[in-house]
Amino acid sequence: MKKQMLLSCLAAAVSGACYAQPETFPDPVGSSQSDFGGTGLMQMPNARVAREGEFSLGYRDNDQYRFYSASIALFPWLEGTVRYTDVRTRKYSGNPDFSGDQSYKDKSFDFKVRLWEESTRLPQLALGKRDIAGTGLFDGEYLAASKMTGPLDLTVGMAWGYPGNRGSVSNPFCRVSDKYCTRPELHDAGDVSFSEMFRGPAALFAGVEYQTPLHPLRLKLEYDGNDYKHDFAGVIKQSSPFNVGAVYRAAEWVDLTLNVERGNTLTFGFTLRTNFNDLRPALRDSPKPEYQPAPETAGLQYTAVASQLTALKYSAGFDAPEIRQSGSTLYLSGEQYRYRDPREAVDRANRILMNALPQGVETLSVTQMRSHLPMVTTETQVASLRQQLEGYPIGQEKPLVQRRMEPVDFSAWGRGYRIRESRFNYSLSPTLAQSLGGPEDFYMFQAGMLASASYWLTDGWLIDGGVFANLYNNYDKFNSSLLPADSTLPRVRTHIRDYVANDVYVNNLQSNVIRRLGSGFYGQLYGGYLETMYGGVGGEVLYRPLDASWALGMDVNYVKQRDWNNMMRFTDYAAPTGFITAYWNPPQVNTVLITLSVGQYLAKDKGATLDVARRFDSGITVGAWAAKSNVSKDDYGEGGFSKGFYVSVPLDLMTISPNRSRAVVSWTPLTRDGGQMLNRKYSLYGMTAEREMPVGQ
């Protein structure tokens, strides 16, 4: 009776809070993480979505489970979570020769969608799905309503599946169809299915999160919708349906958690957090060039131009800068290597050019190059720029007269004043190959060094190669002879760990011919060892209109599989592969890039790959991709289809000076042979990034 009374009181409190005016607290409630990852109470969710851009890494530990989670608020209304669960009471398999004493590992993905934003009178409403693409150990859905009143954030909701296993209420959907009265216990790993949603047992849950006067400390109380009688870890004793917990924010970036759950289980853990919208480079850049114009001369003067070229390279970030004058226009071209925002580079270049301006120059024309290909020209009216630099009288401000246009073709003009580029480039960089959740070991990795070098034989002909040296790996634990027994496809990717077992190998060695074809078209032909596992020949064409929200490309390749026992030779396996690819930045959400590729994969299966990436204010990009081909689930094997996630981080968030380099951390839950594309080093879409309209224009 007491349980029902407390649940009723919590529900009444939410109802009454609908009419309470929310207050603002220094550390707002409702954004702490649940045991499963994602905003919530403890075992139960709430209707909150973390502030847009918030990224959290969570760890929770108790007698039955360890939860490792990563959550990201992609939008103010959408939150996603990736989770690995270590089931401490189960072994990975019944074969000790295969998985040893390793405990069972389960991977799963969750999402939460805000359906209604909180207002003065109405609570926030959210729909969530747990374990959307795992084995279904924690599979379930929920509808939750949360309302803030003073220091209290109150939640009530209904859950189906795992979080609703108590079955305290009748499933309302059973009245619609009998199929909703039962729910499959487990499904195949990697499957994504919504057919079981709102099926099976249902239960009410409720909770409250209290912001104490000691602002780093929050307290939680929840009524659990699960009775834990049908748990994968075994029947878990529940002494009480009420869970209590505390969250202590030890620093802005870390929360410490301690809970007593089920009346008999101590759960502890932590959450590391940051916000991808708030991160900014710790810029230690040189100040912008001062506007100190020298007397105008009759033409370009060697001494002044030499000084300008040096400043253009080291202050504006233009490699191999070249200056020439024609009529009333002063032209600059070069490859901008320093700034992610091209407007910063153009602004700095214009200031440098203005300080030694020849007579009669009315227009500055700055052309940005990439891989010796002209990408875009920014044209600025000198009179307008001079007024901007000198300052307008108050009340007479005017906008800068500037436009982006198709790049100017200098090929017929001859050479101007320039700093010659270095045609030979080299680098030495650490690399890390890794996989999580394998049967032999939870974390398997390879650390090594990649030495790369490239040489431009001409402005459009590139020779490029790289040698990888292994420093350390634990892939010797991998038993490749046992995989993949459940697939009929050619082994185009599942031999990957046989490749990385080599101590030193040629990673790639190729020749590329790259051309601008005009009118927004770019093309390339290439051949050689194109990646770790494949060599061959191919070509790509891309149509990318300047400042457009879309682009269209096509690549065609014929490749052979490299022999992992002798990386300079090939196996007998060969395949044609290629795709038509569409790229789209929705104008309403131009921080999102949607990429759809349709064609034939390495295993000769046909299908489509969808990639959706979100770019945050810091420049960090978070993306997810999925590939579905025409092979059946039985032919594909475990997982059903290929999928993965990645985070691309601009290195200038960590380096001492601006640069355009990025580091990519990717994660593929399970590497299989279906839906696999050729990993080409050079892609025309990435090489033509300057043609994208700058953010904010």
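- Between Ala626 and Phe641, the shortest heavy-atom contact is CB-CE1, 3.8 Å.
- To the nearest 0.5 Å, atom CD of residue Glu209 and atom CG of residue Asn46 are 7.0 Å apart.
- Qualifying side-chain contact (heavy atoms from CB on, under 4.5 Å) partners for Gln64, counting only residues two or more places apart in sequence or in other chains: Asn62, Ala233, Ile236, Arg262, Thr265.
- Closest approach of Trp160 to Gly200, counting heavy atoms only: CD1-O, 4.5 Å.
- Under the 4.5 Å side-chain criterion, counting only non-hydrogen atoms from C-beta, Lys112 is in contact with Tyr142.
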- For Leu221 and Leu219, what are the C-alpha separation, side-chain angles and deciding distance, and is it a side chain to side chain contact (heavy atoms under 4.5 Å, CB included)? CA-CA 7 Å; Leu221 169 67; Leu219 302 178; over 6 Å; no
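- The distance from the OG1 atom of Thr257 to the CE atom of Met42 is 10.0 Å, given to the nearest 0.5 Å.
- Proximity of a side-chain donor or acceptor of Lys237 to a complementary backbone N or O of Val235 within less than 3.5 Å is not detected.
- Ring planes of Phe645 and Trp667: parallel class, angle under 30° (limits at 30 and 60°).
- Of the possible polar contacts, none joining the Arg88 side chain to the Arg66 backbone as a donor-acceptor pair under 3.5 Å is found.
- Here the closest heavy-atom approach between residue Leu279 and residue Ser618 is recorded as O-CB, 3.1 Å.
- A side-chain donor from one of Arg60 and Thr271 sits under 3.5 Å from a side-chain acceptor of the other.
- Between Arg493 and Asp673, none of the side-chain N atoms (NZ, or NE/NH1/NH2) sits under 4.0 Å from a carboxylate O, so this pair counts as no salt bridge.
- The side-chain heavy atoms of Val87 and Ser103, taken from C-beta on, include no pair separated by under 4.5 Å.
- Judged purely by atom type and a 3.5 angstrom limit, Asp605 uses its side chain to pair as donor or acceptor with the backbone of Gly675.
- Residues Ile72 and Val647 form no side-chain contact, since every pair of their non-hydrogen atoms from C-beta on lies 4.5 Å or further apart.
- Glu222 and Asn243 form a side-chain donor-acceptor contact under 3.5 Å, judged by distance and modelled atom types alone.
- The shortest non-hydrogen separation linking Thr267 to Glu261 is OG1-OE1, 3.3 Å.
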- Message: Walk me through whether Leu204 and Val156 qualify under side chain to side chain contact (heavy atoms under 4.5 Å, CB included).
- Response: CA-CA 7 Å; Leu204 296 177; Val156 294; over 6 Å; no
- Leu266 vs Val260, side chain to side chain contact (heavy atoms under 4.5 Å, CB included): CA-CA, chis, key distance, verdict: CA-CA 5 Å; Leu266 185 68; Val260 177; 4.3 Å; yes
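- Contact of the Pro76 side chain with the Glu117 side chain is not registered, since no non-hydrogen atoms from C-beta on lie closer than 4.5 Å.
- Taking 4.0 Å as the cut-off between side-chain N and carboxylate O, Arg166 and Asp224 do not count as a salt-bridged pair.
- Although no hydrogens or angles enter the test, the distance criterion places no donor-acceptor pair under 3.5 Å between the side chain of Arg114 and the main chain of Val49.
- Salt-bridge formation is not detected for the pair Arg48/Glu54: no Lys NZ or Arg NE/NH1/NH2 atom is positioned less than 4.0 Å from an Asp or Glu carboxylate oxygen.
- Distance check: Asp110 CG to Glu141 CD gives 11.0 Å after rounding to the nearest 0.5 Å.
- Asn585 places a side-chain N or O within 3.5 Å of a backbone atom of Val592 that can act as its donor or acceptor partner.
- With 3.5 Å as the limit, one finds no donor-acceptor pair spanning the side chains of Tyr104 and Asp106.
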- Task: Just do the side chain to side chain contact (heavy atoms under 4.5 Å, CB included) check on Leu137 and Thr85 with the steps written out, would you?
- Result: CA-CA 10 Å; Leu137 302 191; Thr85 303; 5.9 Å; no
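- Glu52 approaches Arg614 most closely through the heavy-atom pair OE2-NH1, 3.0 Å.
- Ring geometry for Phe173 against Tyr180 counts as tilted: the plane angle lies between 30° and 60°, on a 0 to 90° scale.
- Atom CG of Leu272 is surrounded by more than 12 heavy atoms from other residues, nucleotides or ligands within 6.0 Å.
- At distances below 3.5 Å, not a single donor-acceptor pair connects side-chain atoms of Arg218 with backbone N or O atoms of Val247.
- The residues Asp139 and Arg199 are annotated as not salt-bridged, no charged nitrogen and carboxylate oxygen being separated by less than 4.0 angstrom.
- Side-chain N or O atoms of Lys220 include one that pairs as donor or acceptor with a backbone N or O of Leu41 at under 3.5 Å.
- A side-chain donor-acceptor contact under 3.5 Å links Ser108 and Arg83.
- Aromatic ring centres of Phe242 and Tyr223 lie closer together than 6.0 Å.
- Across all non-hydrogen atoms, the minimal contact from Ala47 to Gln124 is O-NE2, 2.9 Å.
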- Task: Take Phe138 and Tyr162 through the ring-ring contact (aromatic ring centres under 6.0 Å, His included) test and state the conclusion after the steps.
- Result: CA-CA 5 Å; Phe138 310 104; Tyr162 183 84; 5.1 Å; yes
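- Using modelled atom types, one finds a donor on one side chain and an acceptor on the other under 3.5 Å when comparing Gln43 with Tyr228.
- Between the side chain of Asn171 and the backbone N or O of Phe198, at least one donor-acceptor pair lies under 3.5 Å.
- Other residues, nucleotides and ligands contribute more than 12 heavy atoms inside 6.0 Å of the CH2 atom of Trp550.
- Ring geometry, Phe67 versus Phe36: the interplanar angle falls from 30° to 60°, so the pair is classed tilted.
- With no hydrogens or angles considered, a side-chain donor-acceptor pair links Tyr636 and Ser642 at under 3.5 Å.
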